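Here is the structure we will look at.
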Number of protein chains: 2
Amino acid sequence: MYSVLMSGTDTAGKLIEATQELLWERGYVGTSPRAIQQRAGAGQGSMYHHFGGKPDLARAAVRKSAEEMRATADADLSCEGSARQRVRAYLSRERSVLRGCRIGGLAQDPDVVADPALRAPLQETFDWLRSRLAEVLEEGKNGGEFGSAFDPAGTAATVVAVVQGGYVLARSAGDPGPFHEAVDGLLRLLDAHAAEPGSPA
Amino acid sequence: MYSVLMSGTDTAGKLIEATQELLWERGYVGTSPRAIQQRAGAGQGSMYHHFGGKPDLARAAVRKSAEEMRATADADLSCEGSARQRVRAYLSRERSVLRGCRIGGLAQDPDVVADPALRAPLQETFDWLRSRLAEVLEEGKNGGEFGSAFDPAGTAATVVAVVQGGYVLARSAGDPGPFHEAVDGLLRLLDAHAAEPGSPA
DNA sequence: GTCTATATATAGATAGAC
DNA sequence: GTCTATCTATATATAGAC
């Protein structure tokens, strides 16, 4: 198995990176081996030497994208500040909204959800993200940032869904606006759950 | 132009309905004219007699699906009850969660967002839905259901995003669970915005 | 209106030379 | 490891008979 830790300077690495890009832009069904080879600057022979075919290459590319996405999210959620500030940092990070989510976008593809090896990185990424957000929100609740009725796990699922759904609304509108409206609406709802001023910090 | 009001008993209607189903199941890129003809029980000649080709047929099918989706949502949001009850009715309606949204799912398809005539029904549907939800929430706020800091328009965008994102999480997990967790988390956040008991009904 | 024949391009992969 | 040739199936459509 090709190590995901290598950078894309060798042929196999370039093929993986080209596949990552194309899966993001065109989805799995819309990505052809030919397009991958052209973008990677590699020939047919190279691709089928290093990988068993399109599904095999796609599995490597999706795993790598999932790892990168987790690292990015973890950086936001592990920064300095209160739980509320860290969730806000995650939600307000600059994104190329109209491109959508590299991982979430693949969930629409029937051939991806039908192949356990292709779907697994999606499931693992969102499971991890929800649980990491729940952890942060739980810390905030324990620290007195939220009231006693506040539900960290449920709220974590809502936060992730707003981001993924925001992408859908933005792409449908051809405009990043709806993404930001959905996120801002969520942040206001979260503020309403804030504990009374003067609660334990 | 083929009237969207006719039922699918004639050939053109059957072609449109077959296309609606396939777009939902396989997306635009993943749907071939051949598959449409087979599902509709129509031949090549029929399809190209009634429609100019795949894009033309897809435009008719997407417009029809969008109309149907708006009618369904409007039924929930126009029912009896408080604003909170109507939004809850919309969010808690029974859905085939793992199939995803017929309209939102198409936003992932690059050929859909690139074609203004194909993307327009998506944009119009979500614009309408957000504005209809904002209307309901505004009525609720005016009726004293929510506090003065409550933002109907922002919350409406959040509600729509949670549903669309919930589909993404569920399909990624191969399990409807995450959809319902995201929706439940949202409903709890909304409850936190409730006005004090005793406010004007 | 519907059918069959035909046409070009691409998808996705294998074989074997170098 | 990489290249070129080759292969079968499908995508997407046009032409013209009936």
Side-chain angles (χ1 to χ4, degrees), chain A residues 1-3 6-62 106 108-112 114-115 117-118, chain B residues 1-3 6-62 106 108-112 114-115 117-118:
Chain A
M1 181 197 307
Y2 183 79
S3 167
M6 299 185 63
S7 59
T9 54
D10 58 344
T11 300
K14 280 189 289 193
L15 282 163
I16 289 184
E17 292 192 353
T19 305
Q20 286 183 276
E21 292 174 17
L22 283 163
L23 288 178
W24 197 352
E25 293 168 17
R26 309 253 340 139
Y28 180 78
V29 169
T31 295
S32 68
R34 189 172 143 69
I36 293 170
Q37 293 150 24
Q38 288 182 336
R39 184 162 310 198
Q44 296 251 86
S46 291
M47 177 180 141
Y48 285 102
H49 172 74
H50 291 287
F51 299 95
K54 171 175 161 175
D56 184 37
L57 183 42
R59 284 189 274 266
V62 173
L106 295 170
Q108 191 50 39
D109 206 305
D111 291 359
V112 169
D115 178 346
L118 269 177
Chain B
M1 180 199 305
Y2 184 79
S3 168
M6 297 185 64
S7 59
T9 54
D10 58 345
T11 301
K14 279 189 289 194
L15 282 163
I16 289 184
E17 292 192 352
T19 305
Q20 288 183 277
E21 293 173 16
L22 284 163
L23 289 178
W24 196 353
E25 293 168 19
R26 307 255 339 140
Y28 180 78
V29 169
T31 295
S32 68
R34 189 173 143 68
I36 293 170
Q37 293 150 23
Q38 288 182 336
R39 185 163 308 199
Q44 297 252 85
S46 291
M47 178 182 140
Y48 286 102
H49 172 76
H50 291 287
F51 299 95
K54 172 174 157 176
D56 184 38
L57 183 43
R59 285 190 273 266
V62 173
L106 295 170
Q108 191 50 37
D109 206 304
D111 291 359
V112 169
D115 178 346
L118 268 177

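The sequence lines fix the lettering, A, B, ..., with proteins before strands; numbering per chain opens at 1. Keep in mind that this is a model prediction, so the values were computed, not measured.
The salt bridge (charged side-chain N to carboxylate O under 4.0 Å, His left out) analysis of residues 31-52 of chain A, with sequence neighbours excluded, yields the pairs A:Glu21-A:Arg39, A:Glu25-A:Arg39. The side-chain hydrogen bond (donor to acceptor under 3.5 Å, both in side chains) pairs that include a residue from residues 50-60 of chain B are B:Arg59-B:Asp115, where partners are two or more places apart or lie in different chains.
If you measure from atom CZ of B:Phe51 to atom C1' of C:dT2, you get 15 Å, rounded to the nearest angstrom. Rounded to an integer number of Å, the gap from A:Gln38 CD to C:dG12 C1' is 14 Å. Note: NE2 (B:His49) to P (D:dA15) measures 16 Å, nearest angstrom. Spacing between atom CE of A:Met47 and atom P of D:dT2 amounts to 14 Å, rounded to whole angstrom units. In this structure, B:Lys14 places its NZ atom 9 Å from P of C:dT2, rounding to the nearest Å. When rounded to the nearest whole Å, the span between CD of A:Gln37 and P of C:dT10 equals 14 Å.
Residues A:Pro110 and A:Tyr28 fail the side-chain proximity criterion, which asks for heavy atoms closer than 4.5 Å.
The side chain of B:Ser46 places an N or O atom within less than 4.0 Å of a non-bridging phosphate oxygen (OP1 or OP2) of C:dC3. OP1 and OP2 of D:dG1 both lie 4.0 Å or more from every side-chain N or O belonging to A:Thr11.
Residues satisfying the side chain to side chain donor-acceptor pair (under 3.5 Å) criterion with A:Gln37, sequence neighbours excluded, are A:Gln44. A:Gln38 pairs by the side chain to side chain donor-acceptor pair (under 3.5 Å) definition with nothing, not counting sequence neighbours. Taking A:Arg26 as the reference, B:Asp111 meet the salt bridge (charged side-chain N to carboxylate O under 4.0 Å, His left out) condition, with sequence neighbours excluded. Partners of A:Ala40 under the side-chain contact (heavy atoms from CB on, under 4.5 Å) rule, at least two apart in sequence or in another chain, are A:Lys14, A:Leu15, A:Ala18, A:Ala42.
Between the OG1 atom of A:Thr31 and the CG atom of A:Leu57 there is a distance of 10.0 Å, given to the nearest 0.5 Å.
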Quick tally for nucleotides 4-10 of chain D: nucleotides whose base has a protein heavy atom under 4.0 Å get B, sugar-phosphate-only ones S, the rest -, giving -B-----
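Heavy-atom distances under 4.0 Å link DNA chain D to B:Thr31 of residues 20-31 of chain B, given in residue order.
Closest contact between the side chain of B:Tyr48 and the listed nucleotides D:dT2, C:dT14, D:dA13 involves D:dA13.
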